[in-house]
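Scroll down for the structure; my scribbles are underneath it.
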Protein chains: 2
Amino acid sequence: MYQIGELAKKLSVTTDTLRYYEKHGLLKPSARSATGYRLYNDSNLRSLQFIISAKKCGFTLKDIQELLSIQVDKGSHSCHDVKSFTEHKLQQVDEKISELIAIQSSLKKLIQACDGGDKSAANCSILTTLEDDDGITH
Amino acid sequence: MYQIGELAKKLSVTTDTLRYYEKHGLLKPSARSATGYRLYNDSNLRSLQFIISAKKCGFTLKDIQELLSIQVDKGSHSCHDVKSFTEHKLQQVDEKISELIAIQSSLKKLIQACDGGDKSAANCSILTTLEDDDGITH
DNA sequence: TTACACCTTAGAGTTAGGTCCAAGGTCAAT
DNA sequence: ATTGACCTTGGACCTAACTCTAAGGTGTAA
Ligand SMILES: [Zn+2]
Ligand SMILES: [Zn+2]
Ligand SMILES: [Zn+2]
Ligand SMILES: [Zn+2]
């Protein structure tokens, strides 16, 4: 059994984060001491690893809640469910990447058009393009 | 001169947004009517176009404030300043894209490893990989 | 027993960029 | 004179995921 600070240190999160996860239904300590201290067991530890791992994979805490509920009741869910969920997430990530690539391309165009000299910015093509609005397509 | 609603409609933003921009030092109407209505001129209109345009290019409102202050005092800034600023922004966007691509790759690996069948999720490789933590490198 | 590190709670604050609301004033048309 | 569309303000609320504070209880070692 771990106290909150032990578990936090073990997996490099803060105690605040653990209390936050509990409050939001992601990780409930398996017990409390007589004096009210949170006590976590190894199953809790693995759940926290799951949460951290899933976060790194781009899942939000809300997503993770859903994944955990599937995990808890594995019997009534299929591989198909989990895969669909993950594919949907991938699609969201794909969309974000597309948006950022469009922005990247706009910025590159701005940078290419500007000579970057030490002369006054009065005629800087970056500023004038932004002023003129449709200088860049989006 | 435009009232707030006119300008908002013209550039497809809300009046709330215009008041928000004013409050945050981005766009101050050139005048007020005798009864306190905000009045915007064509220079204000162009500034708003600038803001919208820069936002589309991935600049935050804080960035845009800085760009506007350069724009207002073009004389004491060089092309070089503006270009550096934009390059720095591009670098931030590049970093975000890299992070997302790492996430994308993790998700793809998860999806590939899961057969997606209608059988129970008890042995779903997505769930077990997330449980095992280091199943995916980050 | 006193110091000190640990733990508890409720609740406020953070960031970014708005969005919404209430209570009320203004303007044009009927 | 009364609609109804417009405008004003201050301030609360929203998302996401924490982060911090205050005020206090607990555990252990010197
Ligand atoms: Zn992962
Ligand atoms: Zn330039
Ligand atoms: Zn642009
Ligand atoms: Zn599976």
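We use all heavy atoms of the structure for the numbers below, so side chains are in, but hydrogens, waters and symmetry mates are not. Proteins get letters first, then strands, A, B, ... in listed order; numbering begins at 1 in each.
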Provide, to the nearest angstrom, the distance between the CD atom belonging to A:E6 and the P atom belonging to C:dC7. 8 Å
Quick one: on DNA chain D, does B:Q3 or A:K62 contact a more 5' nucleotide (nearest heavy atom)? B:Q3
Need to verify one output field. Residue with the more 5' nearest nucleotide on DNA chain C, A:R38 or B:L61? A:R38
Which whole-number value in Å describes the distance from A:Y40 OH to C:dC6 P? 16 Å
Partner residues of A:S76 under the side-chain hydrogen bond (donor to acceptor under 3.5 Å, both in side chains) criterion, sequence neighbours left out: A:D73
Could you state whether A:Y20 and A:Y37 fall into the same hydrophobic cluster, counting links through intermediate Ile, Leu, Val, Met, Phe, Trp or Tyr residues with side-chain heavy atoms under 4.5 angstrom apart? no
Segment of DNA chain D, first to last nucleotide, that comes within the 4.0 Å heavy-atom reach of chain A: D:dA17 to D:dG27
Salt bridge (charged side-chain N to carboxylate O under 4.0 Å, His left out) with A:K10: which residues, sequence neighbours excluded? none
Whole-Å distance separating the CD atom of A:E22 from the P atom of C:dC7: 14 Å
Under 4.0 Å, counting only non-hydrogen atoms across every strand here, what does A:T60 touch: a base, just sugar-phosphate, or nothing? sugar-phosphate
Across all chains, not counting sequence neighbours, the side-chain hydrogen bond (donor to acceptor under 3.5 Å, both in side chains) partners of B:S69 are none
B:L68 and B:L26: which non-hydrogen atoms are nearest, and at how many Å? CD1-O, 3.6 Å
Which residue lies toward the 5' end of DNA chain C, B:Y20 or A:L39, if each is placed at its nearest nucleotide? A:L39
With sequence neighbours excluded, tell me which residues meet side-chain hydrogen bond (donor to acceptor under 3.5 Å, both in side chains) with B:Y2. B:D42
Determine to 10° how strongly the helix from C:dT1-D:dA30 to C:dT30-D:dA1 is bent, judged from the axes of its five-pair ends. 40°
Holding to salt bridge (charged side-chain N to carboxylate O under 4.0 Å, His left out), I want the full list of residues that pass it with A:D16, two or more places apart in sequence or in another chain. A:R19
Show me the side-chain donor-acceptor pairs of residues 90-103 of chain B shorter than 3.5 Å, one per line, residues at least two apart or across chains.
residue: B:Q92; atom: OE1; partner: B:K89; partner atom: NZ; Å: 3.0
residue: B:D94; atom: OD1; partner: A:Q104; partner atom: NE2; Å: 2.6
residue: B:S98; atom: OG; partner: B:D94; partner atom: O; Å: 3.1

Residues that A:E6 engages under salt bridge (charged side-chain N to carboxylate O under 4.0 Å, His left out), provided they are two or more places apart: none
With sequence neighbours left out, write down each residue that passes side-chain hydrogen bond (donor to acceptor under 3.5 Å, both in side chains) with B:T35, or none if nothing qualifies. B:S33
By salt bridge (charged side-chain N to carboxylate O under 4.0 Å, His left out) - contacts of B:E22 (at least two apart): B:R32, B:R38
Output one line per pair: protein atom, nucleotide atom from nucleotides 21-25 of chain C, and distance, for all N/O pairs under 3.5 Å.
residue: C:dG25; atom: N2; partner: B:Y37; partner atom: OH; Å: 2.9

What is the nucleic acid contact for B:K55, judged by heavy atoms within less than 4.0 Å: base, sugar-phosphate only, or nothing? sugar-phosphate
